[in-house]
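For reference, the structure is listed below as structure tokens.
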Amino acid sequence: MSQQPFLLLGNPGAASLERLPLLPFEEFRELLLHAVRDRGMRVSAFFAWEARGGRRLVAALSDDTAGRVCLTSAPAPERYACLTREAAAFHWFERELHEETGIVPEGHPWLKPIRFCSGRDGEEPAVTDYFRLHGHAAHEVAVGPVHAGVIEPGHFRFQCLGEDVHTLEISLGYQHRGVERMLVGGPSKRTPFVMETIAGDSSAAYAGAYCGLLEALDEDAGVSPRDAQIRLLAWELERIANHIGDLGALAGDVAFLQTAAFCGRIRGDFLNLTAAICGNRFGRGLVTPGGVGWKVDEMLADRLLRALDTNAADLSHALELMFEAPSVLDRLENTGTVTDGQARDIGLVGVAARACGLRRDVRVTHPYGPYGALSLSPATVRTGDVFARATVRRLELTASLELARGALRQLAGDELSKAAGRAPRVCRPSTIAVSLAEAWRGEVCQVAITDGQGRFERLKVVDPSFHNWFGLALALRNGQISDFPICNKSFNLSYCGHDL
Amino acid sequence: MLKALLARMRQGYRTKPFPYEPPQMPERFAGLPELAAGCAEGCAACADACPTEAIRRAADGSPELDLGRCLFCRRCERACASGHVAFTRQHDLAAFTREGLVRRPGMGYSHVLQPDDGIRRLIGRSLKIRQVSAGGCAACELDVNVLNTLAWDMGRFGIQMVASPRHADCILVTGPVSRNMLLALRKTWDAVPRPGFVIACGTCAISGGIYAGSPQVCDGVTDILKPDLYVPGCPPHPAVLLEALIRFMGRRLRND
Ligand code: SF4
Ligand code: SF4
């Protein structure tokens, strides 16, 4: 029987499980390696699924050129020659796989749990083996899980030679709350809330990805043009607020207190725009299956538009101060560099990838919802350092403000059709669906597999931070411990999104 | 230098008049809910709609809403055909006891925290907080951090986040307390000088919130370290938290 090696889906997309290829494992392995190494595809998800016919490995690769998600599967072996050694982008996925199922990817360079969620004896975060550097000049610095500031828990181990960082190992899992397990059996009335809080600073993006899944699982569902614009607004306001927060935090860490202070306040002003729409500063309950939870009428749109312009003027002024200060630039440039080769190898996504010159932005490569009608291009910088990550954010702020303005202008006018949307009502049974969204950090990937009754049998969630934490570790190599705060802020990754 | 001064002039003085004046909550903000008795026999539309079992029909048939489990999502309000559940914009949500978070019909604003002279004598005019993030979604932490921005400026009231638990008067816990954070939470608490207070911030920390029932979390800090102050919300709006902290310190505000 000759079958297509991949099931190709749009974003979002769904197809009957029968159409998901089931390849012999060796063929599956070769296919994935070829796709990632030679065809430049990205690993969006790689996970085990307890199918009725036996456990399978499922891969969702993103083809950025064709704008497709390529799905395939194979029977899960108990042990196999790891993919990581030949394609590093699998390294975190294989650690996750091993931790969750006990499957052994042989030859994996560092097969340690990433979340410590197995409940197995001796597997507790921070009570575990770390990569150690031995020798006369070597010393170790351990930080966390409880950090100095108000921030999520994680543990960092620096192996240093004098002041130089030889390696940084990042050990997470403290925020693990069993999200994927909670999603099984859904959709339930709790599902949308779990989705919105996988990473609570990316609620609109996560809700958007989840809506994509549901809307792909019910062919009759559709979003009205007005609601699509409100969604776009929610997503871009989220990006804007977070990027401002990050730039302000970077300014704070290099002791440029003016911009830090201004940005802290301006970020709040943007959160308050979201709150003006839905009552909640983090956009909870705003993006809902089939549309939005709150309407934006012409009057509100007009009010928001004026507020947005005021805030935008304050912002551009605050950022100018920072980006014109030689003392700031000197600290950001050539600090924490990740090369484009490294970025490609380990599969960076989002801001961190674009700062290495990679054109990775799901809004552009796999446009969904209202993005399909826009002509966007990814904001890229080549240098891969802290400065590049800051600059990408600054560029994206300008672009996102323009997108938000565009949405608001349409909502304030009366050209948009008043056609109503249709909320998804049922999930097609025995179906696989995939949905990608570009959250402000990068790609959120959700893959749902429904059972014979249309309930979630498996829901795989991949946060952008899942791909990017190792990028932060690389950025620190041969740097100084004192570079850590700005490197960390320049990535600003999610612990809870990673830990699930 | 000149540039810095000009920038300061241009951005202006932006600290909010709150808490000296009532806060300006967003028009669509879900604050303290008001409940009404007299529900139709057999109706449980609110409870059926609620994702976290925060609302139910009490023994006497009237609705009862536990702010400590509530996500302020308004599903119950929308589900109730007789308008017996209505969210106001009132931001005074915190309570000193777990039971104080349970809302019943006709309670009015009895909710406002009464200044506790005992606490005031102990902590005087300064409250040093060690925040412990334990599970959750990080939004609670973000809105705690916001109190440090010039818009809210909690430093004015002697409230400060400290790095070392040994310098802290209290810990402020966010998140449902994931199993993986239990040890670190305990160790942090043990390092806080006694008497020491515990603040549960956010629905997760109070009851587990969205994650209640997951085997990977402890359903909040309530049964672990008996909090002295409960601040509901998912996440609590900065005005809710700042008001709660200031009142916790026993200071009087506005029309007290
Ligand atoms: S607002 Fe609170 S009580 Fe009402 S449905 Fe939502 S979580 Fe339940
Ligand atoms: S209470 Fe809500 S906002 Fe706070 S951590 Fe929990 S889920 Fe996030």
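So you know, we letter chains A, B, ... as the sequences are listed, proteins then strands, and number each from 1.
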B:Y211 vs A:T197, side-chain contact (heavy atoms from CB on, under 4.5 Å): CA-CA, chis, key distance, verdict: CA-CA 10 Å; B:Y211 310 107; A:T197 56; 2.6 Å; yes
When rounded to the nearest 0.5 Å, the distance separating NE2 of B:H237 from CG of A:L271 is 9.5 Å
When you measure from the centre of the six-membered ring of A:W294, is the NZ or CZ of B:R74 closer than 6.0 Å and no more than 45° off the axis?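 No, B:R74 and A:W294 do not form such a contact.
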Minimum heavy-atom distance [X]-[Y], with the two atoms named:
X      : Y      : value
B:A184 : A:V146 : CB-CG2, 4.2 Å
A:C496 : B:C137 : SG-O, 3.4 Å
A:R177 : B:S214 : O-OG, 2.8 Å

Would you say the side chain of [Y] lies within less than 4.5 Å of the side chain of [X], judging by non-hydrogen atoms?
X      : Y      : value
A:E152 : B:L142 : no
B:S133 : A:Q175 : yes
A:R190 : B:C50  : no
B:L6   : A:H317 : no
A:F193 : B:R75  : yes
A:I266 : B:Q11  : yes

Contact part of [X] toward chain B, heavy-atom cut-off under 4.5 Å: side chain, backbone, both or neither?
X      : answer
A:R181 : neither
A:A199 : backbone
A:A260 : neither
A:L172 : neither
A:D269 : side chain
A:E320 : neither
A:A275 : both
A:R115 : backbone

For a side-chain contact (heavy atoms from CB on, under 4.5 Å) check, start with the C-alpha distance between A:K189 and B:T52, then their side-chain angles and the critical distance, and finish with the verdict. CA-CA 9 Å; A:K189 53 186 177 176; B:T52 53; over 6 Å; no
Between [options], who has the most heavy-atom pairs with chain A when the cutoff is under 4.5 Å?
options                      : answer
B:M161, B:R89, B:R10, B:E141 : B:R10
B:I129, B:D48, B:T15         : B:D48
B:C234, B:A30, B:C140        : B:C234
B:A139, B:A151, B:A163       : B:A139
B:R179, B:K187, B:R78, B:M25 : B:R78

Is chain A contacted by the side chain of B:S178, its backbone, both, or neither, given a heavy-atom distance below 4.5 Å?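 It is both, since atoms from each part get that close.
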Between B:V146 and A:R265, is a side-chain contact (heavy atoms from CB on, under 4.5 Å) present by the stated rule, with each step listed? CA-CA 8 Å; B:V146 154; A:R265 190 263 300 170; over 6 Å; no
Looking only at heavy atoms and a cut-off of under 4.5 Å, which of A:R284, A:E324, A:E196 has the most pairs with chain B? A:R284
Picking from A:G285, A:P153, A:G248, which has the most non-hydrogen pairs under 4.5 angstrom with chain B?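 Winner by heavy-atom pair count: A:P153.
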What verdict does the side-chain contact (heavy atoms from CB on, under 4.5 Å) test give for A:I277 and B:E27, after you've listed the backbone C-alpha separation in whole Å, the side-chain angles of each residue and the deciding distance to 0.1 Å? CA-CA 9 Å; A:I277 304 174; B:E27 251 165 64; over 6 Å; no
A:N280 and side-chain contact (heavy atoms from CB on, under 4.5 Å): which partner among B:C73, B:P26, B:P235?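 With A:N280 as partner, side-chain contact (heavy atoms from CB on, under 4.5 Å) holds for just one option, B:P235.
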